[in-house]
Amino acid sequence: MAESATSLLKRHAALKAQAGPYWQVCQEIAERVVPHKSDITVTREPGADKTDVLYDSTAIDACRTLAAMIHGTMTPSTQPWISFVMREDTLNEDQSVREWLEDVSVRLHKALRQANFNSAVHELYWDLCAFGTGCMLIEEKEADPTGRFTGFRFTTVAVGKFVLTEDKDGRADGCWRDVVLSRRAVLEQFGADAVGADFVAKSKGKLDEMITVVHAVYPRRDRVYDQATGRPKAARTNLPWVSCYALQEPKKILSESGYEEFPYVIPRWNKTTGEVYGTGPSHTALPDIKTLNAFVMFILQAVPMAMQPPTMERSDSVVGDPDLTPAGRNVVDASGPIGEAFAFMDTKYRPDIAADFRAQWSESIRQMYHIQEVRPLPDSPNRTATEQAIRYELSQRLLGPTTGRLESELLNPGTWRCFALMARRQAFRPLPGVLQQAAGEGSSAADLDVEYEGPLARAQRTVEITAQDRVVAFVVGYATAIAAISPAAAQAALDILKIDKMTRDRQAITGLTADSLASDEEMQGIRDARAQAAAQQQRLDSIVKATEAARNTAPMMTALQKPGQGKAA
């Protein structure tokens, strides 16, 4: 059984208190980087202005650009970015296995595109770049009565609306989130019996009042096992992860169920040992962002002074108030020069110098968000794919630790969560015979590994293609140079190249479908047929040559056999 409502909500309150200092910093970041999310520790009325401390949009644009570039290079919406391989290389050589793995990848990508994955993960990247921590819940849509897979539902939880716990390895293993619902929605989702008579009574006439329900997910410590089999008993309340919805007032558990896997992906941009929440580029850039905003505020005050400086007037020299409008007339009562009675003050303000400093700070902030490294090279007729690959390689060197953390905390758990949801609903083709045999034997060879094939991952692997090209060019060049001297030596030089393997490697790197290439068995059959045809043609050529030779020698043999032929007259 899950914890009591009192215990669960008390733990939730303690975790929120621990996260308080982190959320406070995130509030400062949100006000200057993502103002539409600046209700972390401050409550505003819906539709209220959230840009009251914002004077410059450099950080807003930099954060948005970085989030979009990570989305486009790691999980692009326009192309597949996941593939599966067997852990045992010999199984990957089987054509039926390769086609099954490719079909799994296609079905998974199709399910992601049909769901709200792209919008949810983009918001997750935005939170990650701004606050250093993101949170997304992965669930299956409402169950189908026939048991078929109905699709995914992704929910990105706003920063400040969730708190975390970690296991001994520093991985997030618990999440408490605030779910804001109307009283009517609570009654519809959980039912009158679950919420209790007091809640129903308070909801009369106030069905649209918004309240907060706590959803807690954490490891189940009291699983019940079957004594005969030693396996956990099958029940929604006995799954590895507890899922509880609790009402805060009155304190009451609304529902309890569970998950087979931890349903959240919680990536951190960077994390200090001993801390639960991460930090990101905005934490590094926050001092510069504050300085730039203050500086722009000063510029906005100084520029009008330089454009319309204050006046200097001799006492009682101007009739009425000064008219500072264009073509305005000012009557001056003075016996001396007008400039001595009425003039504009020279403020010595230099907005041009301020613009230079602003440009420097803006560039510094963009560098902290790695904009120059992640932005693609501009289109140019002289730009090559190698140049773009080098650019991606440079960005990977700078973002390597971050991309590695994203793989371990976002892509890996997210992919396996989606794979498991589909597999339990039998949304994939049946296993090919060779995999069924390996799985039946309990061999670890049937284990799956996942590979990521987004533009950034592919650009990293293009180094292998470049290395292939260089080696092939060297070998072919050498063979061509010695072909005139020794054709046998040239052929021997070419024998070192394993063209079949290099072609399949290129197929995997470039993402070409597996069924576009012939299998090893098909290739062997084609080559055997070609060799048999060549041997048969050689035998036919030998027969033809023998026939022609016999035809040419027949008249001579006939002449030799006639009397008197071949003697001198």
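Basis for what follows: all heavy atoms, side chains included, without hydrogens, waters or symmetry-related copies.
Contact annotation: the side chain of R177 never approaches that of C135 to less than 4.5 Å [non-hydrogen atoms, C-beta and beyond]. Put simply, the side chain of M86 reaches to within 4.5 Å of the side chain of L448, judged on heavy atoms. Considering only heavy atoms from C-beta on, V213 comes within 4.5 Å of L254 through its side chain.
Remark: R171 does not engage E409 in a salt bridge, criterion side-chain N to carboxylate O under 4.0 Å. D94 and R98 are not joined by a salt bridge, as no carboxylate oxygen comes within less than 4.0 angstrom of a charged side-chain nitrogen. Ion pairing between R153 and E142 holds under the 4.0 Å rule for side-chain N and carboxylate O. Under a 4.0 Å N-O distance rule, the pair E140/R424 does not qualify as a salt bridge. Salt bridge R107/E102: absent, no basic N to carboxylate O contact under 4.0 Å.
Side chain of T133 to backbone of R268: no donor-acceptor contact under 3.5 angstrom is found. Under the 3.5 Å distance criterion, the side-chain polar atoms of W241 are left unmatched by any main-chain donor or acceptor of V217. Using a distance-only test at 3.5 Å, with no hydrogens or angles considered, a donor-acceptor pair links the side chain of D167 to the main chain of G170. When atom types are taken as modelled, the side chain of E139 and the backbone of F152 share no donor-acceptor pair closer than 3.5 angstrom. Using modelled atom types, no side-chain atom of T415 and backbone atom of N412 make a donor-acceptor pair closer than 3.5 Å. Without hydrogens or angle criteria, H12 side chain to V214 main chain gives no donor-acceptor distance under 3.5 Å.
Among all heavy-atom pairs drawn from G230 and Y225, the shortest one is O-CD2, 3.5 Å.
A donor-acceptor contact closer than 3.5 angstrom is absent between the side chains of Y264 and R417. With hydrogens and angles left out, the side-chain atoms of Q95 and E99 include a donor and acceptor closer than 3.5 Å. In this structure, a donor-acceptor pair under 3.5 Å is absent between the side chains of D178 and T212.
Atom NZ of K271 sits in a crowded spot, with more than 12 heavy atoms from other residues, nucleotides or ligands closer than 6.0 Å. Surrounding CZ of R231 are at most 12 heavy atoms belonging to other residues, nucleotides or ligands under 6.0 Å away. Atom CD of E260 has more than 12 neighbouring heavy atoms from other residues, nucleotides or ligands inside a 6.0 Å radius.
The cationic group of R64 does not satisfy the cation-pi geometry with Y369, failing either the under 6.0 Å distance to the six-membered ring centre or the 45° limit from the ring axis.
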Which pairs would a plain distance check flag for residues 122-130, meaning a side-chain donor or acceptor within less than 3.5 Å of a matching protein atom at least two apart in sequence or in another chain?
{"unit_1": "E123", "atom_1": "OE2", "unit_2": "K37", "atom_2": "NZ", "d": "3.0"}
{"unit_1": "Y125", "atom_1": "OH", "unit_2": "T75", "atom_2": "OG1", "d": "3.0"}
{"unit_1": "D127", "atom_1": "OD1", "unit_2": "K37", "atom_2": "NZ", "d": "3.2"}

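Ring centroids of Y277 and F131 are separated by 6.0 Å or more, keeping the two rings apart.
Y245 pairs by the side-chain hydrogen bond (donor to acceptor under 3.5 Å, both in side chains) definition with nothing, not counting sequence neighbours.
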